[in-house]
Amino acid sequence: MASKYENNPAIKNFVEYLKIPSVQPNINYDECVAFLTKQANSLGLAVKVYEVVPRKPIVVLTWPGKDPKLPSILLNSHMDVVPVFEKSWTYPPFSAHIDDEGKIFARGSQDMKCVGIQYLEAIRRLQDQGVQLKRTIHISFVPDEEIGGHDGMKKFVVTSEFKALNVGFALDEGMASPTDEFIIFNGERSIWQIHVHCTGQPGHGSLLIPNTAGEKLRYIINKFMDMREQEKKVLDSNPKLTIGDVTTINMTQIYGGIQSNVVPEKLTVVFDIRLAVTSDLDKFEKMVQKWCKEAGEGVTFEFEQKNPMIECTKTDNTNPYWVAFKSAADALNLKLDRRIFPGGTDSRYVRGVGIPAIGFSPMNNTPVLLHDHDEFLKADIFLTGIDIYEKIIASVANV
Ligand code: ZN
């Protein structure tokens with residue numbers, strides 16, 4: 001069975017891409033650029049490599065549409081993958097081994113080299129049919145998404161080169177779904193990371209001195225953890241909600257103090273907060289200010305990260321690209337489950353400059369293995385994904 005897939009040209013390209021160890025950290029992207037340039041040549045597409053940050057290439061392949069003045073379609077994927085614990089893998093993570101069931105094992109098989117190749121193979125099929133679409137399509141391959149996209153998509157979207165691409169709508173990664181349904185994402189929560197510094201009266205650990213940092217720290221922790229508890233209740237009480245629908249709060253670090261028998265001058269607690277798209281960010285910040293005041297004198301906070309609220313992409317009749325996406329999905333009888341992405345992807349930067357974007361990785365009946373050991377994708381699911389993109393790309397590019 002494995003050999004049946006090994007000779008499939010789309011699988012061959014997928015396997016070749018998976019074998020490039022573009023693994024964080026300190027990636028040399030040369031091999032990816034060479035591979036993608038070869039792909040562009042085989043498709044007869046122009047290729048441009050932008051280096052907004054040196055050694056962090058952004059590769060863009062372009063297929064001109066019949067009406068190149070119309071806003072274009074961006075098909076984005078990232079070239080990098082997360083690290084591996086090789087000992088925990090059944091097959092070497094950059095071997096792209098195909099087993100007897102047709103499972104292709106590799107880091108990046110789900111997240112998200114599959115999608116990058118599926119875009120290209122869908123375009124190859126459309127070209128083979130002699131189709132030319134109305135809108136220009138740009139297929140972008142970006143670096144460093146797995147470390148926040150700061151030297152990749154985040155910087156690229158504000159360049160004149162990006163503006164010149166005249167993007168009207170973008171597709172980017174989603175996530176596998178263990179059921180029949182396909183999950184699509186139209187928004188992301190705002191990431192805030194807060195350090196709360198609690199200062200107080202220092203002294204000997206044998207006394208009961210007033211106004212200590214520890215008492216204030218406890219007050220702060222209670223407030224954040226109470227809110228965490230509330231959000232957990234909301235999530236647990238409604239089976240329709242997913243983690244992306246609520247605000248998550250986690251205490252991720254505590255630091256301070258100098259010695260076990262010395263009451264410290266200062267203790268700090270860090271919270272990682274993902275604010276639901278329905279939350280009022282100003283109100284939340286005012287509440288944190290209030291908690292700090294209530295905790296006592298000398299309690300302050302600072303942000304390690306404070307991301308703004310980014311508007312979700314509309315999934316109604318006001319968004320013609322969505323209508324086109326949905327009608328292609330309906331024609332294919334795909335069951336779609338719309339969600340808010342639990343983590344962060346490059347889509348937030350694209351949406352942040354006002355471009356509607358949908359996160360979609362066509363992998364149903366597939367366990368969610370992104371960032372996990374033994375990440376795999378079944379060959380038949382991968383190939384069906386090409387059929388799906390063929391229809392969706394044609395539909396959105398003909399809006
Ligand atoms: Zn990803």
Side-chain angles (χ1 to χ4, degrees), residues 14 17-27 29 32 35-36 56-60 74-85 89 93-94 96 104-120 139-157 170-178 182-189 191 242-244 274 307 310 313 337 339-352 355 357-364 366-378 381-382 385 388-389:
F14 186 29
Y17 192 26
L18 289 170
K19 283 183 173 172
I20 302 172
S22 49
V23 55
Q24 293 290 355
N26 304 318
I27 300 170
Y29 286 105
C32 286
F35 170 77
L36 294 168
K56 309 273 187 187
I58 293 157
V59 183
V60 181
L74 182 73
L75 306 177
N76 184 58
S77 66
H78 60 81
M79 299 181 284
D80 59 322
V81 299
V82 293
V84 290
F85 298 93
W89 284 66
F94 297 99
I104 306 170
F105 287 87
R107 175 60 86 222
S109 55
Q110 291 192 11
D111 183 13
M112 64 174 299
K113 287 178 171 172
C114 50
V115 172
I117 297 296
Q118 284 165 328
Y119 293 150
L120 298 178
I139 313 112
S140 55
F141 295 83
V142 297
D144 286 9
E145 190 277 340
E146 295 293 2
I147 50 170
H150 303 291
D151 287 341
M153 194 56 110
K154 187 180 183 181
K155 288 200 170 79
F156 187 47
V157 294
L171 289 177
D172 203 329
E173 68 190 307
M175 210 184 270
S177 156
F182 292 87
I183 307 172
I184 62 133
F185 298 93
N186 70 318
E188 291 181 12
R189 299 178 294 176
I191 306 173
T242 61
I243 194 78
R274 313 291 167 114
N307 288 289
I310 287 165
T313 293
D337 180 6
R339 295 189 191 174
I340 298 299
F341 204 85
T345 74
D346 279 339
S347 287
R348 68 184 184 276
Y349 304 126
V350 175
R351 290 192 193 106
I355 297 167
I358 294 288
F360 174 59
S361 299
M363 300 181 283
N364 65 343
T366 300
V368 180
L369 293 171
L370 74 169
H371 301 198
D372 207 341
H373 311 312
D374 277 344
E375 181 180 350
F376 73 81
L377 181 59
K378 287 187 97 169
I381 299 279
F382 170 78
I388 293 171
Y389 274 125

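Counting starts at 1 for both ligands and their atoms, following the listed order. Computed over heavy atoms, backbone and side chain alike; hydrogens, waters and symmetry mates excluded.
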Asks: Tell me, which N, O or S atom in Glu173 is closest to the Zn ion (ligand 1)?
Replies: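 Minimum-distance N/O/S atom of Glu173 relative to the Zn ion (ligand 1) is OE1.
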Asks: I'd like to know if Asp337 and Arg339 make a salt bridge, using a cut-off of under 4.0 Å between side-chain N and carboxylate O.
Replies: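 Salt bridge: yes.
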Asks: With distance as the sole test, does Glu188 use its side chain to make a donor-acceptor pair with the main-chain N or O of Thr345 at under 3.5 Å?
Replies: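 Yes; at least one donor-acceptor contact below 3.5 Å.
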Asks: Can you tell me the N, O or S atom of His78 that's nearest the Zn ion (ligand 1)?
Replies: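 Looking at His78, the N, O or S atom with the least distance to the Zn ion (ligand 1) is NE2.
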Asks: Please name the atom of Asp111, restricted to N, O or S, that is closest to the Zn ion (ligand 1).
Replies: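 Closest N, O or S atom of Asp111 to the Zn ion (ligand 1): OD1.
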Asks: Name all residues meeting the side-chain contact (heavy atoms from CB on, under 4.5 Å) criterion together with Ile27; count only those two or more places apart in sequence or in a different chain, and write none if there are none.
Replies: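 So Ile27 forms a side-chain contact (heavy atoms from CB on, under 4.5 Å) with Ser22, Gln24, Tyr29, Asp80.
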Asks: For Ile340, which residues count as a side-chain contact (heavy atoms from CB on, under 4.5 Å) partner, sequence neighbours excluded?
Replies: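 side-chain contact (heavy atoms from CB on, under 4.5 Å) check on Ile340 returns Asn186, Arg189, Asp245, Val277, Cys312.
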